[in-house]
Student: 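Provided herewith is a single structure, encoded as structure tokens, for subsequent inquiry.
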Amino acid sequence: MLSLRLANSISPHYPGETGIGKSTLMDTLFNTNFENFESSHFEPKVKLRAQTYDLQESNVRLKLTIVNTVGFGDQMNKQESYQHVVDYIDTQFESYLQEELKIKRSLHNYHDSRIHACLYFIAPSGHSLKSLDLVTMKKLDSKVNIIPVIAKADTISKSELHKFKIKIMSELVSNGVQIYQFPTDDETVSKINTAMNGILPFAVVGSSEEVKIGNKMVKARQYPWGVVQVENENHCDFVKLREMLICVNMEDLREQTHTRHYELYRRCKLEEMGFTDTNPESKPVSLQETYEAKRHEFLGDLQRREEEMRQMFVQRVKEKETELKEAERELQGKFEQLKRLHSEEKSKLDEKRRSLEDEINTFSKKKTAAELLQGQPFNTNANLKKDKDRKNSGFM
Ligand code: GTP
Ligand code: MG
């Protein structure tokens with residue numbers, strides 16, 4: 001996929017799988033050599049790489065921004081592939097909208113990064129569109145001008161190409177995909193544009209090689225069996241694409257981007273923000289009224305939320321109070337139990353102390369008695385000795 005921003009500035013955007021020939025076609029289209037980095041098939045997500053160039057041919061200056069979709073379709077999750085593209089396009093619209101909503105707008109020198117054309121590269125399978133192609137184009141068709149191209153069209157035979165084109169268009173129609181239609185209301189271009197609408201999608205060939213044909217060097221791809229000339233209309237639709245994109249319809253692409261795609265984005269975004277042109281009774285509503293209504297709604301919402309928060313706070317405080325009371329009750333219970341244990345322990349100890357004191361008293365009494373008893377035999381011996389002494393002295 002490739003997006004072009006045109007402008008005297010043009011922004012193309014090109015989604016298409018890795019290696020499908022996007023960079024080569026861009027180089028061939030603008031006859032230059034843009035910075036190209038070969039992409040890996042293992043990008044974890046799609047990246048959009050924008051590069052801006054100032055091109056000049058004769059007196060025409062062209063500011064071209066090319067947005068390449070790197071790693072498109074290489075992810076397991078296919079939504080990943082297109083969502084980044086959708087987001088990228090929306091972001092450019094959003095920047096423009098923000099500029100438009102500024103009090104001091106400078107849209108005349110604003111760097112418009114909106115995507116004006118999306119070259120959607122279809123693989124030359126000759127079979128049918130991949131589901132990713134259909135889903136992606138469906139997601140993008142209300143946001144950007146899609147120009148489908150069959151890449152590497154030299155790899156498919158003429159009759160197969162014819163059938164493939166018909167198949168692609170019928171699949172697009174039956175899936176409700178709206179591709180860009182070259183405008184036919186302007187008489188000067190209606191004939192060519194009608195004819196070109198009939199040969200979509202363009203079958204393109206790109207090449208960085210030049211081959212000598214007659215006495216002229218031309219962009220071509222050389223094969224053992226012959227030469228495919230990029231700019232030969234019998235060989236492919238490259239010239240038609242270039243004419244349609246850069247010469248005939250550049251202005252229309254820019255206009256459609258602004259009046260159709262951007263307008264839709266703007267409308268949805270403003271409606272989402274609550275702006276409306278009429279009230280439910282289909283009466284016009286001024287910006288001031290919308291502002292007042294929104295302000296009122298906002299204040300009401302704020303009050304409601306404040307009340308909710310207040311109630312939530314009261315509820316939380318109540319819960320906390322109950323929790324604390326419960327904890328206090330538990331603590332009190334534990335305290336009472338400890339007190340009981342303590343007094344039981346104390347009375348046991350008192351009991352023990354009393355019995356010990358009794359024992360000590362008994363012991364002391366016994367000790368005194370024992371001491372008394374011990375004192376008596378000692379006196380008897382002394383008396384015996386006295387008697388003995390008396391006998392010996394003859395006082396008996
Ligand atoms: P990534 O940026 O890596 O995703 O690749 P790409 O889509 O930019 O493809 P690129 O232009 O680098 O081309 C990949 C290969 O395809 C190169 O070998 C090109 O020479 C070849 N190629 C490019 N255009 C054509 C074409 O129209 N026909 C044929 N047969 N081969 C082409
Ligand atoms: Mg490339």
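Numbering of ligands and ligand atoms starts at 1, following listing order.
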Student: Any N/O/S atom, side chain or main chain, of Thr24 closer to the Mg ion (ligand 2) than 2.8 Å?
Tutor: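 For Thr24, the answer is no, given that no N, O or S atom comes within less than 2.8 Å of the Mg ion (ligand 2).
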Student: Would Glu160 and Lys163 pass as an ion pair if we require N to O under 4.0 Å?
Tutor: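 Salt bridge between Glu160 and Lys163, a charged N being under 4.0 Å from a carboxylate O: no.
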Student: Would you call Asp237-Lys165 a salt bridge at under 4.0 Å N-O?
Tutor: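 Result for this pair is yes, salt bridge flagged.
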Student: Quick check on side chain to side chain contact (heavy atoms under 4.5 Å, CB included): which of Asn232, Val230, Val149 does Phe238 satisfy it with?
Tutor: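 Passing option: Val230.
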Student: With a cut-off of 4.0 Å, which atoms of ligand 1 are near a heavy atom of Thr155?
Tutor: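 Contacts of ligand 1 toward Thr155, numbered from 1: 30 (N).
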Student: One thing to verify: whether Arg266 and Glu100 come together as a salt bridge, which I'm taking to mean a side-chain N less than 4.0 angstrom from a carboxylate O.
Tutor: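 Salt bridge present between Glu100 and Arg266.
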Student: For atom 19 (C) of ligand 1, state which one of Thr24, Val228, Ile20 supplies the nearest heavy atom.
Tutor: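 Minimum heavy-atom distance to atom 19 (C) of ligand 1 goes to Thr24.
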Student: Hey, does Met196 have a side-chain heavy atom less than 4.5 Å from the side chain of Val248?
Tutor: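 Not touching, per the 4.5 Å side-chain cut-off.
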Student: Name the option, out of Arg221, Met26, Glu209, Lys22, that contains the heavy atom nearest to atom 32 (C) of ligand 1.
Tutor: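 Selected option, by shortest heavy-atom distance: Arg221.
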Student: Just go through Ala203, Gly206, Ala151, Ser207 and tell me whose heavy atom is the nearest to atom 27 (O) of ligand 1.
Tutor: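 It is Gly206 whose heavy atom sits nearest to atom 27 (O) of ligand 1.
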Student: Go through the steps for Asp141 and Tyr180 under the test side-chain hydrogen bond (donor to acceptor under 3.5 Å, both in side chains), then give the verdict.
Tutor: CA-CA 8 Å; Asp141 69 354; Tyr180 173 69; over 6 Å; no
Student: So Phe93 and Tyr262, would you call those rings parallel, tilted or perpendicular, with 30° and 60° as cut-offs?
Tutor: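 Tilted: the ring planes of Phe93 and Tyr262 meet at 30° to 60°.
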Student: I need the atoms of ligand 1 closer than 4.0 Å to a non-hydrogen atom of Tyr223, numbered in the order shown.
Tutor: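 Matching atoms, with element in brackets: 30 (N).
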Student: Number the atoms of ligand 1 from 1 as they appear, then name those within less than 4.0 Å of a heavy atom of Ser23, with their elements.
Tutor: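 With Ser23 as reference, the close atoms of ligand 1 come out as 2 (O), 6 (P), 8 (O), 11 (O).
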Student: Would one find an N or O of Gly19, backbone or side chain, under 3.5 Å from an N or O of ligand 1?
Tutor: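 There is such a contact, yes.
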Student: Would you say ligand 1 has an N or O under 3.5 Å from any N or O of Val204?
Tutor: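 It does not: no N or O of Val204 is found under 3.5 Å from an N or O of ligand 1.
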